[in-house]
Amino acid sequence: MVYANSDGTDPADPVPTAVKILVAGGFGVGKTTLVTSVSESAPLRTEEVLSSESVGVDDLSGVEAKETTTVAMDFGRITISDSLVLYLFGTPGQDRFRFMWDELALGALGAVVLADTRRLADSWPSIDYFESDGTPFIVAVNCFEGARRYELDEVQLALDLDPEVPVVLCDARQRQSGKDVLIALVQHAHRVRGGGLN
Amino acid sequence: MTAAGRGHDEDVWVDDEAGPVVRPYAMTRGRTRPVRGTFDLISMVVATRNPPAADAGPGLEHLPPEQQAIVRRCREPLSVAEISAHLNLPLGTVRVMLGDLLDAGLIRIHDPGPADQPHSRLYEALIDGLRQL
Ligand SMILES: Nc1nc2c(ncn2[C@@H]2O[C@H](COP(=O)(O)OP(=O)(O)O)[C@@H](O)[C@H]2O)c(=O)[nH]1
Ligand SMILES: [Mg+2]
């Protein structure tokens, strides 16, 4: 590929390059809040109608074979420039929709796993997923009121994270905080993928 | 379905419950896969020509209204996910219609590049862009 623009995109093409980042974590941890606070408009919602075929029969045991179910995803858009657009996708909470996660993770630049220190275990399925499929991720500890303040290395230990995986604090309601989280992720993804060498 | 529905038009019975699934089914004539293309969530779609505003333009009026709506919206590049959100249609339905439009030469698709091939300038542009938000 030949790139001519300073950001590595093709100036001759009016169609921008699209990049996606996933926002994962347990139910109620602040995924939609984060997507909303950093995106340029109200969060968008898309849905996929899944048949039991695409979900996998085991996952829907007890459900009629032909039954369909819908899985909804919140997402937002950040227009970086005329030639570069960033999309943020909140992953659907239902971990059983493996099919949807595979589609989301494919080609993703990286993922933010939100964690609430009152229920850290809720982050495990997301962490396991990204560890095994190789998507670069960071953990962002969303600071809810009433939650004891943990040291970040305590969280790292409790989540049994690779020491290379950044753990940052955030307030998903604050735009600046959300931006900082995204920047930390992009820097990490760049490092993980051999950036700085080329 | 409750007694509240009795005495109302047939529509009442269909719309709320069946609407979201039955309507897209009709739009795709029951097809679940596009004739062409795979359409990633962030594949960018753009119309190949720009009919004047307030006019669907020759060659579009024979299309189903939802496909016309896609072409109109895609005068500016939009991702597959955005088309689905703006038209309030499930992804699968949108993909089938995009396949038809691609087949008819009415849209162009720009698939996302592989994220695992690092391109420093792309990462730098993202970081700079986020800082400037
Ligand atoms: N105190 C506090 N509340 C938050 C924060 N982030 C999200 N919330 C609230 O937590 C609730 C669940 O957030 P939501 O984004 O819907 O969670 P999701 O299920 O992960 O999408 C909402 O009522 C938010 O307002 C935070 O950083 N601090
Ligand atoms: Mg949510």
Side-chain angles (χ1 to χ4, degrees), chain A residues 1 3 5-9 13-21 38 40 43-51 54 68 70 73 75 77-81 83-87 89 103-104 106-110 134-136 175-176 179-180 182-183 186-187 189-190 192-198, chain B residues 20-25 28 32-33 38-48 50 74-95 107-133:
Chain A
M1 257 190 273
Y3 296 104
N5 269 355
S6 61
D7 59 4
T9 56
D13 197 333
V15 181
T17 295
V19 169
K20 76 181 156 186
I21 286 176
V38 293
E40 63 198 31
L44 301 162
R45 171 161 277 226
T46 179
E47 65 174 39
E48 184 82 292
V49 179
L50 304 175
S51 63
S54 48
T68 59
T70 58
M73 285 169 295
F75 69 102
R77 170 176 172 140
I78 301 174
T79 305
I80 300 283
S81 69
S83 55
L84 186 57
V85 180
L86 172 61
Y87 291 98
F89 283 88
E103 175 172 352
L104 279 166
L106 183 71
L109 180 130
T135 301
R175 183 174 167 84
Q176 185 59 47
K179 279 167 53 177
D180 291 343
L182 294 180
I183 290 167
V186 176
Q187 288 172 330
H190 193 193
V192 167
R193 295 205 162 114
L197 301 176
N198 55 350
Chain B
V21 176
V22 168
R23 206 165 63 92
Y25 185 86
T28 59
T32 56
R33 300 202 194 291
T38 47
F39 307 111
D40 190 277
L41 283 167
I42 59 164
S43 286
M44 300 300 284
V45 181
V46 66
T48 49
N50 285 307
C74 292
R75 283 171 197 161
E76 294 295 324
L78 273 187
S79 63
V80 171
E82 281 169 301
I83 294 168
S84 160
H86 292 321
L87 298 184
N88 197 19
L89 290 171
L91 282 166
T93 307
V94 167
R95 287 187 171 116
I107 56 168
R108 202 155 58 80
I109 307 293
H110 195 111
D111 287 321
D116 55 0
Q117 288 174 14
H119 198 292
S120 287
R121 283 177 299 178
L122 186 81
Y123 287 93
E124 283 155 16
L126 277 173
I127 292 167
D128 289 349
L130 286 167
R131 286 207 175 110
Q132 281 162 28
L133 282 185

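Per chain, numbering begins at 1; letters A, B, ... match sequence-line order. These numbers come from a predicted model, not from an experiment.
- Proximity to chain B is absent for every atom of A/Val192, based on heavy atoms less than 4.5 angstrom apart.
- Within the 4.5 Å cutoff, side-chain heavy atoms of A/Arg193 are placed close to those of B/Tyr123.
- Residue contact with chain B, scored on non-hydrogen atoms closer than 4.5 Å, involves the backbone and the side chain of A/Leu182 alike.
- Between A/Lys20 and B/Pro112 there is no side-chain heavy-atom pair separated by less than 4.5 Å.
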Could you pull out every donor-acceptor pair under 3.5 Å between side chains of residues 78-85 of chain B and any protein atom, sequence neighbours left out?
residue: B/Ser79; atom: OG; partner: A/Tyr87; partner atom: OH; Å: 3.4
residue: B/Ser79; atom: OG; partner: B/Glu82; partner atom: N; Å: 3.1
residue: B/Ser79; atom: OG; partner: B/Glu82; partner atom: OE1; Å: 2.9
residue: B/Glu82; atom: OE1; partner: A/Arg77; partner atom: NH1; Å: 3.2
residue: B/Glu82; atom: OE1; partner: A/Tyr87; partner atom: OH; Å: 2.4
residue: B/Glu82; atom: OE1; partner: B/Ser79; partner atom: N; Å: 3.0
residue: B/Glu82; atom: OE2; partner: A/Arg77; partner atom: NH1; Å: 3.1
residue: B/Ser84; atom: OG; partner: A/Thr46; partner atom: OG1; Å: 2.6
residue: B/Ser84; atom: OG; partner: B/Leu89; partner atom: O; Å: 2.6

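- Residues A/Arg175 and B/Leu133 have side chains in contact (heavy-atom distance under 4.5 Å, counting atoms from C-beta outward).
- The shortest side-chain heavy-atom distance between A/Glu48 and B/Arg95 falls under the 4.5 Å cut-off.
- A distance of 10.0 Å separates OG1 of A/Thr17 from NE2 of B/His119, quoted to the nearest 0.5 Å.
- Residues passing the salt bridge (charged side-chain N to carboxylate O under 4.0 Å, His left out) test with A/Arg45, sequence neighbours excluded: A/Asp74.
- In this structure, no portion of A/Gln176 lies under 4.5 Å from any heavy atom of chain B.
- Considering only heavy atoms from C-beta on, B/Leu41 comes within 4.5 Å of A/Leu104 through its side chain.
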Before giving the answer on side chain to side chain contact (heavy atoms under 4.5 Å, CB included), spell out for B/Leu126 and A/Leu86 the whole-Å C-alpha distance, their side-chain angles and the decisive distance to 0.1 Å. CA-CA 8 Å; B/Leu126 277 173; A/Leu86 172 61; 4.2 Å; yes

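- Residues A/Val15 and B/Met44 approach most closely at CG1-CB, 3.4 Å, considering heavy atoms.
- B/Asp40 touches chain A through its side chain: at least one heavy atom from C-beta onward sits under 4.5 Å away, while N, CA, C and O do not.
- Heavy atoms only, all atoms of each residue included: A/Val19 and B/Leu122 are closest at CG2-CD2, 4.1 Å.
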Between A/Met73 and B/Leu91, is a side chain to side chain contact (heavy atoms under 4.5 Å, CB included) present by the stated rule, with each step listed? CA-CA 11 Å; A/Met73 285 169 295; B/Leu91 282 166; 4.0 Å; yes

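- A heavy-atom distance below 4.5 Å is not found between the side chains of A/Ile80 and B/Gln132.
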